[in-house]
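Residue numbering restarts at 1 for every chain, and letters A, B, ... go by the order of the sequence lines. Worth knowing before you read on, the calculation uses all heavy atoms, side chains too, and leaves out hydrogens, waters and symmetry mates.
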Protein chains: 4
Amino acid sequence: MNESAAGSVPPVLPGKEEAILQAAGRVFGRRGYHGSSIADVAAEAGVATGTIYLYFRRKEDLLIRLFQRSLQEYLESSRPLLAQAAAGEERLTRLVELHLEFFARDPDRARVFQIHLREVAPVLRDGITPTLREYVAIIDEVLRDGQAAGEFDAGLDLRLARHLLFGGLNEVVVSWLHADGRFELRDCAPACAAMLGRAFRRS
Amino acid sequence: MNESAAGSVPPVLPGKEEAILQAAGRVFGRRGYHGSSIADVAAEAGVATGTIYLYFRRKEDLLIRLFQRSLQEYLESSRPLLAQAAAGEERLTRLVELHLEFFARDPDRARVFQIHLREVAPVLRDGITPTLREYVAIIDEVLRDGQAAGEFDAGLDLRLARHLLFGGLNEVVVSWLHADGRFELRDCAPACAAMLGRAFRRS
Amino acid sequence: MNESAAGSVPPVLPGKEEAILQAAGRVFGRRGYHGSSIADVAAEAGVATGTIYLYFRRKEDLLIRLFQRSLQEYLESSRPLLAQAAAGEERLTRLVELHLEFFARDPDRARVFQIHLREVAPVLRDGITPTLREYVAIIDEVLRDGQAAGEFDAGLDLRLARHLLFGGLNEVVVSWLHADGRFELRDCAPACAAMLGRAFRRS
Amino acid sequence: MNESAAGSVPPVLPGKEEAILQAAGRVFGRRGYHGSSIADVAAEAGVATGTIYLYFRRKEDLLIRLFQRSLQEYLESSRPLLAQAAAGEERLTRLVELHLEFFARDPDRARVFQIHLREVAPVLRDGITPTLREYVAIIDEVLRDGQAAGEFDAGLDLRLARHLLFGGLNEVVVSWLHADGRFELRDCAPACAAMLGRAFRRS
DNA sequence: GATGAATGAGGGTTCATTCAT
DNA sequence: CATGAATGAACCCTCATTCAT
């Protein structure tokens, strides 16, 4: 009835699984993972409760797949854009911009990633870590390339630097969610990038 | 039965309310807020379920009070120690040390603060924000005093700087929790402080 | 799913909602509203606890709907029978007969209406009053028509007369319930009607 | 500490048991029997929860004793007043007046008797029936004396007549409670007595 | 007698998950 | 594939009752 031949036109044309995932993103974003029922998601997706279980084994899977799909999409689109920027601060700046842009584009996603995913994460470790590790690798690469280019301090503890970058930016995102539209997330990129650039810079 | 003659050192001396709070800290830390039942907490505290409700009105209150008590304790002990350090990087270093030390001392607390409190936070906003705001004020003061002392950049966006500091350090804590004892959290302080110092430094 | 081809006689044909309602009638009648648990009702209806909540939002609703359904059924069947009787004492007698017959037919219902509904009533006021008001209107009409026909005293305080009629008959029902089958409720109709007729009669 | 030698001054000087009973009357009247907790009653009485159990074995006992005390008081004060009135309609009128006056004087008591006592009644049968039977005897006597005096119909079914009287008046009381002060209960006595008088009168 | 902290069974309600249609 | 009624375990919370002080 739907799904159908996707033909050439790129990604969209939901398909029921995609529709459910998007519905879950909206519902979890609004009410939180624990505050949402499968029935809520089904209603938002316009399908029956049971239908969810044709595509997802457990409620958790909705969260895991939501995370995976979103992050993979992000990683794929980011990689070429990052490569275009010169190694070092320029590329770091690009990374910061992309990271913030990713969440600015979809507040519900931001809420799920930054807020609701956290408590559940320990349980879902296996579903989440592999995908996350890819992003970790990218960040580390940006930092290492910056070192190789002579812009970043060679003595940097890469793991700590990455946490600072990742955690710092995410906190900015969270503050933006709490601020509820009172400032533009994208506008924070330059100042964030500047501070992080100095943090990593060769002294 | 409990309480009893305290001898000299005043501080601990459970008392049932304190015992319950500590039990909640351990249980929530282990299984998460949503994964723990009031019965779990009661069992851990060695009291009956109903007893919890003699001291706490709702399950949420356990989390709120746990947060408030912990953070307030931390704030009170930190303030004098911070004041002893010279404004600027030295004091920033002290702040980083205290922050990490706070969580290093009690992994269960770290889990509750860094992981489980997040999703619930939106609901508990009123119980949490006021206390948190005090910490925010302290961080801001460290940054401002550093500016006044001529060590930190006067043009710094304080809000963003604070998020970087706070979010960055917390991510280090989370990574430490995930690492499950494979490194010493306190050891991260120097490198973190160094990076943050450079990030805020006058160029 | 059930319901099925009814053949000719339309009326019963449970349906799960109806089955639950009937079960609730029996259970409440036996143990009282406060003495019955949802689990009791579910067991009596042969369904799972959760199933009750597919058809009724709260425990109260069982009582309200039980009341409404019963009384409406009664009102609909009574109206034409009342209209057939001549205004005045004849119609009053018919009313008394119908009222007593209504409870005589189903002691559990009588217990719920006369005994268990009372305490709960204040809380359920909104659910009960509208339906009850219809019966009030019918009684008043019987009295007024009797006045118009010149049989009942024109100076009658209709409200008080109605309370006497309604409360008096209900007390007879209650006494019958307490007597536990030691007399036939229907047999009380003539004497009751006679007394009430005299009470309202033009002197 | 209290209770003490009552000396001559009549009934009052509460005493703790009396104070608790009065508190229970107010609390049950306001929130209903099932809506009130022992703690509520204790708070209203200004004693500790446990104290209740020094005077009353179970929660039910509060209700039973409340009923017994109230009704006995009423019976004792009514008997002489009834005796003063001439047998027949005059005494019936007096009975109606006393009955309504009894409830008009204390709406909380009216609520407990007319509303909250009902559902609980079946369980409390043994505690309530004996006392109630005394009132039944009084009513029957009024009716029988009226028959003997030649005013009331000798063929009257006494039991039914009593139910009509008792239930009818109680319904008037209930309607007064629901009306929440919009009319004066005592004012209903004449019309009620008139109707009942006609109902029982020799034709 | 009086207290009130403590108990723990019990009840209403929700919701992830299943399965007959 | 899709449905959505049905399930029943689980959980929060209340409260009558007890008992050590």
Q) Quick one: on DNA chain F, does Thr49(C) or Ala39(B) contact a more 5' nucleotide (nearest heavy atom)? A)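 Its nearest nucleotide being more 5', the pick is Thr49(C).
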Short side-chain N/O contact from Lys59(D) to OP1 or OP2 of dT17(F), under 4.0 Å: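 For Lys59(D), the contact criterion (side-chain N or O under 4.0 Å from OP1 or OP2 of dT17(F)) is not met.
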To the nearest Å, how far apart are [X] [atom1] and [N] [atom2]?
{"X": "Ile38(B)", "N": "dC12(F)", "atom1": "CD1", "atom2": "P", "result": "6 Å"}
{"X": "His34(C)", "N": "dC15(F)", "atom1": "NE2", "atom2": "P", "result": "11 Å"}
{"X": "Tyr53(B)", "N": "dG11(E)", "atom1": "OH", "atom2": "C1'", "result": "14 Å"}
{"X": "Leu62(B)", "N": "dC12(F)", "atom1": "CG", "atom2": "C1'", "result": "12 Å"}
{"X": "Arg57(C)", "N": "dC15(E)", "atom1": "CZ", "atom2": "C1'", "result": "17 Å"}
{"X": "Glu60(B)", "N": "dC11(F)", "atom1": "CD", "atom2": "P", "result": "17 Å"}

Consider the side chain of [X], meaning its heavy atoms from C-beta on, and name the nucleotide among [options] that approaches it most closely.
{"X": "Ala48(B)", "options": "dG12(E), dT7(E), dC13(F)", "value": "dT7(E)"}
{"X": "Arg58(C)", "options": "dT13(E), dG11(E), dA16(E)", "value": "dT13(E)"}
{"X": "Ser37(D)", "options": "dC15(F), dG4(F), dA9(F)", "value": "dC15(F)"}

Tyr33(C) ring centre to Lys59(C) NZ or CZ under 6.0 Å, with the angle to the axis within 45°?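 Yes, Lys59(C) lies over the aromatic ring of Tyr33(C).
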- Item | Sidechain N-carboxylate O distance under 4.0 Å for Arg65(A), Glu60(A) |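 Salt bridge between Arg65(A) and Glu60(A), a charged N being under 4.0 Å from a carboxylate O: no.
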Mind checking if Thr51(D) touches a base, just sugar-phosphate, or nothing, with heavy atoms under 4.0 Å?
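Since a base atom lies under 4.0 Å of Thr51(D), the category is base.
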| request: Determine the contact category for Tyr55(C): base if any of its heavy atoms lies under 4.0 Å from a base atom, sugar-phosphate if only primed atoms, P, OP1 or OP2 are that close, otherwise nothing. | output: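 Sugar-phosphate: the residue Tyr55(C), judged by heavy atoms under 4.0 Å, touches backbone atoms but no base.
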Residues Arg109(B) and Ser70(B): side-chain donor-acceptor under 3.5 angstrom =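 Present: a donor and an acceptor within the cut-off.
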**Side-chain heavy atoms of Val120(A) within contact of His116(A), under 4.5 Å** =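 A side-chain contact under 4.5 Å is absent here.
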field: Nucleotide paired to dA20(F) in any strand shown, Watson-Crick or G-U, under 3.5 Å
entry: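 The base-pairing partner of dA20(F), which may sit in any strand shown, is dT3(E).
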Quiz prompt | From CG (Leu132(C)) to CZ (Phe113(C)), nearest 0.5 Å | solution =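 Here the interatomic distance stands at 9.0 Å.
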